[in-house]
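Everything on this sheet refers to the single structure shown next.
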Amino acid sequence: MIRQQVAEWVARAAHAARESGALAFESLPEFDIETPRNPQFGDYAANLAMALARQARRNPREVAEAIRQHMPDEASAWVERVEVAGAGFLNFYLKPDWAGAVARHILQRGREYGNLTLGAGKRVLIEFVSANPTGPLTLGHGRNAAVGDTLARIYEAAGYTVEREFYINDGENSTQIRNFALSVLTRYRQLLGEPAEMPEDAYHGEYVKEIAQRIRDQFGDSFATGDPETVLKRFEQIAKQQMLDEQARDLADFGVRFDRWFSEQSLYDAGAVSATLDALRARGYAYEHEGALWLKSTAFGDEKDRVLVRANGMPTYLAADVAYHRDKYARGYDRMIDLWGADHHGYVARMKAAMAALGYDPDRLHILIYQLVNLFRGAEPVRMSKRAGEFITLREVIDEIGVDALRFFYLLRSHDSTLDIDIELAQEQSEKNPVYYVQYAHARICSIARTAAERGVETPDPDATDLSVLTHPAEHALVKKLADLPDEIALAVRHDAPHRLTAYALEVARAFHGFYTECRVLGAEPALQAARLLLTQATRLTLARTLHLLGVSAPERMERADES
RNA sequence: GCCCCCGUAGCUCAAUGGACAGAGCAGCGGCCUUCUAAGCCGUUGGUUGUGGGUUCGAAUCCCGCCGGGGGCGCCA
């Protein structure tokens, strides 16, 4: 919030300098308002002069000095002084009472604090998870869900209108759905005592047996006879639906809800796939070769052309996916985000090529690739799941370490980094565990409020309390962190980087713990106590808001389980 | 062979192209009669894999090389 204000003053000063003839430039280049690492360089610093030096044909320090001398008068309300330093930085030193002004601003905005108008109501579609309905959600899907959902929350906070969508790969004629149904059917027959053998490429997890068992419980042996093709079709539907329901339950328990579950099959039913193929043909980017229909993706930078319809007449996954994304474009979003695992990165080029082939701007589609997740128990890698066989399910990890810890750990690293999660660490109720560090700060604030109430201390009125008494360095450090929330949200959106918010949460918690140790709230002299109580409330609002964006709870109390 | 991600302190990782590269953990030394010690303070620890380039300024951008992970199907 302060940052934007400072940026505006600097820009106005530069223009004023040009009008007075002190500076010459065509147009203002982009510049940043930074927080210097070293406090001796002030509270905020602008790098405009260096960026402008070439255009202005002057050395950066002279440019900075020209800007400094044209700083608008109203800046002096908050700014004590501006200095030119280093290579040409403009360093801003704030007046001591800015801290009170920031705290009051946060209290006034309350739960709205951090909300931006950056998005201006632009519509964003975030498609994520989109797991195949042939098995439970995995550890990797969990990362997808956590990143996608938090990204959605951040975009919402930034003022975008967001839709969350899950694409269901439920094409009835697809190989995977057939194999899955065949696997369930085989298990079902085995339950009935028939000597059925699992097909090639079968799904071997225990969950397949569970589904077969449930079908048997519900329908008895009524599928033992009958037309095999009809039975198989029925199994496709039942098994797929059961898997989907389970995935939806897992996601709901993980705090993730979708606005729309988009069925691949619905595209076939509506004729959207064949319409898309027609469109590609009409535009000259689909052609027949060796009995198959190909997408001429090389025309748009892909390394080779891709099959849309196989020689046997069956459309590939790609055909439906192109139709799906065509549908997204037709819905008119300003931005579309897909969240894909690293194992799908090879599909980015062909999808973008397909969109270009259809005449759409491929840059409106942002495909975010996240790297793999490894699970450890201490130093030991965990690879297998009892229930699912070759992969670890999201449900198992939620059961072991809880939603809060898991979501936090998923968002601790950039999506560009492979992620190692240590179950033992995530379960540990100790200083090693960053989740508790943040939540503990929130619980401590609540504890202060409780104790204040017990002692009959009245809740101060933010508008009637003098906050200029907040002058301790620890108070200033805390307020400055709190003031960063809007900027952090803006940066997280700009870089599609939800993990910034976990880092921010940790920084706010650190600043608060420091304040807590240095500055006594209850028992301070009355005016200071009132101001500090309000500062803790502003901190609580900021922390709660940040945790909410991460999908992590903000507990009002935390009791450490006694280790005997 | 081609494509994507990563390489930063002993370990796990931060760092919108900015000033002296920061945290946590581990190590060492301190701090609880007062709002929760799941906390705080101090301290040790670095040629940002490597060689070039762009820039006023590079961990960050570009090129080469080395190392680790992932992907290259008429599967999804």
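Every chain is numbered from 1, with letters handed out A, B, ... down the list of sequences. Side-chain atoms are counted along with the backbone in the values below, which use heavy atoms only and exclude waters and symmetry mates.
- Comparing the P positions of C61(B) and C6(B) gives a spacing of 8 Å, expressed to the nearest Å.
- Nucleic acid contact class of Q40(A) (heavy atoms, under 4.0 Å, all strands): base.
- Between R455(A) atom CZ and U34(B) atom P the separation is 11 Å, expressed in whole Å.
- A search for ring pair (Phe, Tyr, Trp, His ring centres under 6.0 Å) contacts involving Y155(A) returns Y160(A), not counting sequence neighbours.
- The interatomic distance linking N312(A) (CG) with G73(B) (P) rounds to 18 Å, in whole Å.
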Worksheet entry | Worked verdict on L293(A) versus R281(A) for side-chain contact (heavy atoms from CB on, under 4.5 Å) | CA-CA 10 Å; L293(A) 183 70; R281(A) 278 194 200 94; 3.5 Å; yes
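- Note on N132(A): only backbone sugar-phosphate atoms sit closer than 4.0 angstrom, heavy atoms only; bases stay farther off.
- Taken residue by residue, residues 289-302 of chain A places heavy atoms nearer than 4.0 Å to RNA chain B at E290(A), A292(A), W294(A).
- One can place CG of L368(A) at 12 Å from P of C5(B), the figure rounded to the nearest angstrom.
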Write out a two-atom table: protein N or O, nucleotide N or O from nucleotides 54-57 of chain B, distance below 3.5 Å.
from	atom 1	to	atom 2	distance (Å)
C56(B)	OP1	R54(A)	NH2	2.4

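- Shown for residues 527-536 of chain A: no residue has heavy atoms falling under 4.0 angstrom of RNA chain B.
- Residues F89(A) and F41(A) keep their aromatic ring centres 6.0 Å or farther apart.
- The side chain of H499(A) places an N or O atom within less than 4.0 Å of a non-bridging phosphate oxygen (OP1 or OP2) of A15(B).
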Discussion item. Go through it in stages, so that I can follow the logic: the residues are H499(A) and T502(A), the test is side chain to side chain donor-acceptor pair (under 3.5 Å), and I'd like the CA-CA distance, side-chain angles, deciding distance and then a yes or no.
Written reply: CA-CA 5 Å; H499(A) 75 284; T502(A) 42; over 6 Å; no
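- Checking the phosphate oxygens (OP1, OP2) of C35(B), no side-chain nitrogen or oxygen of R444(A) falls inside 4.0 Å.
- Remark: RNA chain B takes part in the stems B:1-7 with B:66-72, B:10-13 with B:22-25, B:27-31 with B:39-43, B:49-53 with B:61-65, each of 3 or more antiparallel Watson-Crick or G-U pairs, criterion distances under 3.5 Å.
- In summary, E556(A) and R540(A) engage in a salt bridge, as defined by a charged side-chain N under 4.0 Å from a carboxylate O.
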Tabulate atom names and distances for all N/O pairs under 3.5 angstrom spanning the protein and nucleotides 7-13 of chain B.
from	atom 1	to	atom 2	distance (Å)
U12(B)	O2'	R413(A)	NH2	3.1
C13(B)	O2'	R413(A)	NH1	2.7

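- Within 4.0 Å (heavy atoms only), A452(A) reaches no atom of the nucleic acid at all.
- Counting only heavy atoms from C-beta outward, the side chains of R532(A) and F515(A) approach each other to under 4.5 Å.
- Here Y516(A) does not pack flat against the base of G39(B), since the 5.5 angstrom centre distance and 30 degree tilt limits are not both met.
- Checking the phosphate oxygens (OP1, OP2) of A15(B), no side-chain nitrogen or oxygen of Y504(A) falls inside 4.0 Å.
- Aromatic stacking of F41(A) on A19(B): satisfied, with centres closer than 5.5 Å and planes within an angle under 30 degrees.
- Distance alone, capped at 3.5 Å, is enough to place a donor-acceptor pair between the E264(A) side chain and the D170(A) backbone.
- No N or O donor and acceptor, one from the side chain of H513(A) and one from the base of C40(B), sit under 3.5 Å apart.
- Nucleotide C4(B) holds its C1' atom 14 Å from the NZ atom of K352(A), rounded to whole Å.
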